[in-house]
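Worksheet: one structure, shown below.
Just so it is clear: chains get the letters A, B, ... in the order the sequence lines come, proteins before strands, and each one is counted from 1. FYI, side chains are in, hydrogens and waters are out, and symmetry mates aren't considered; it's all heavy atoms of this structure.
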2 protein chains.
Amino acid sequence: MLFVIDPTAAEPIFEQLLHQIRAQAMSGKIAKGTRLPAAKDLAETLGINLHTVLHAYRELAAEGVISLGRGRGAVVNIDPLPEAIGKKLENVVAQAKAEGIELNAIISLTKEIWSEK
Amino acid sequence: MLFVIDPTAAEPIFEQLLHQIRAQAMSGKIAKGTRLPAAKDLAETLGINLHTVLHAYRELAAEGVISLGRGRGAVVNIDPLPEAIGKKLENVVAQAKAEGIELNAIISLTKEIWSEK
DNA sequence: ACCTATTTGTCCGTATGTATG
DNA sequence: CCATACATACGGACAAATAGG
């Protein structure tokens, strides 16, 4: 379970963490039922504030990605994405990156496609 | 050239506009060389503040998506995405949406894939 | 039933930056 | 450029739920 935080990035820290946990849960890298590190520990490991980790945890819980509880910790609560879709996405993203397309551009397009269909 | 703003959405207004312009430029819906509406006009049309439109324009110019200049207006400056990639992305996103996967989840995965490869 | 350690929940406060009009 | 509002991040303190011995 590896997370990388860049405090200088434009994206807020709690969102960086949020994205990484969600992505790893969806890809199956973190299996359903796995307990995430205690917020306090994770905060120390990553060198960020406890509240920032809790912020990410709370949002993930609201989405249903994890379940949260005092004394129980944060447990992954979703099944991984169907492998077919994951592979296709990997493919497209890798190809786009190879063509020199920016991440933001892909995300813009994804949002546009999503809102149209 | 159609943009839709939702002032109640969580996403900031300038980002909504930014995403839509970028996406339409990349998909070829707005051709290279096309001049975008004057910021003042666009602001009035969309019912938002002039500064908000300028904010979006400035970021797009910094990215190189458009070029900005006094009296010249905002002109689209990039070539559209290769059609093959666009189609593939449409495909994956549509399929994922059909499976009930959330937009945020796809974006998380996209970022993770991007940062790994 | 009890105690203790662990872990999240909630509140206080402060500082800084950003979005918007 | 300026003012207001909001978001983010951090620090500390205590409350409350849970798990284990």
Please give, in whole Å, the distance from C:dT18 C1' to B:Glu59 CD? 11 Å
Give the rounded distance in Å between these two atoms: CZ of B:Phe14 and C1' of C:dG21. 15 Å
Does A:Thr52 place a side-chain N or O at less than 4.0 Å from the phosphate oxygens OP1/OP2 of D:dC10? yes
Mind calculating the distance between CD1 (A:Ile5) and C1' (D:dC10) to the nearest angstrom? 15 Å
A:Leu42 atom CG is separated from C:dT7 atom P, nearest whole Å, by 12 Å
Which is true for B:Ile13 with a 4.0 Å heavy-atom rule: it touches a base, it touches only sugar-phosphate, or it touches nothing? sugar-phosphate
By the 4.0 Å heavy-atom rule, please label A:Ile48 as base, sugar-phosphate, or nothing. sugar-phosphate
Nearest-nucleotide wise, let me know which of A:Glu11 and A:Leu50 is further upstream toward the 5' end of DNA chain D. A:Glu11
Looking at B:Gln20, B:Gln24, B:Glu15, B:His19, which one forms a side chain to side chain donor-acceptor pair (under 3.5 Å) with A:Ser108? B:His19
B:Leu17 CG to C:dT20 P, in whole Å, measures 11 Å
Please indicate whether B:Lys97 has more than 12 foreign heavy atoms, meaning atoms of other residues, nucleotides or ligands, lying under 6.0 Å from its NZ. yes
Candidate list A:Leu42, A:Leu60, A:Val4, test side-chain contact (heavy atoms from CB on, under 4.5 Å), partner A:Leu17, passing option: A:Leu42
For D:dA19, does either OP1 or OP2 sit under 4.0 Å from a side-chain N or O belonging to A:Arg70? no
pair B:Leu36-B:Tyr57: side-chain heavy atoms closer than 4.5 Å: yes
Please figure out whether A:His51 or A:Gly73 has its closest DNA chain C nucleotide nearer the 5' end. A:Gly73
Does atom CD of A:Glu102 have more than 12 heavy-atom neighbours, drawn from other residues, nucleotides or ligands, at distances under 6.0 Å? no
Report the nucleotide, chosen from D:dC10, C:dT7, C:dG9, that has the shortest atom-to-atom distance to any side-chain atom of A:Ala38. C:dT7
Starting from P on C:dT8, measure out to CD on A:Glu44 and report it in whole angstrom. 12 Å
Counting heavy atoms from C-beta on, name the nucleotide in C:dG21, C:dT8, D:dT8 closest to the side chain of A:His55. D:dT8
Return the nearest nucleotide to the side chain of A:Pro12; candidates are D:dT18, D:dT8, C:dA19. D:dT8
Does A:Asn49 have a side-chain nitrogen or oxygen under 4.0 Å from the phosphate oxygens OP1 or OP2 of D:dG11? yes
Mind calculating the distance between CG (A:Leu68) and P (C:dT7) to the nearest angstrom? 13 Å
Distance, rounded to the nearest Å, where B:Leu54 contributes CG and C:dG21 contributes C1': 13 Å
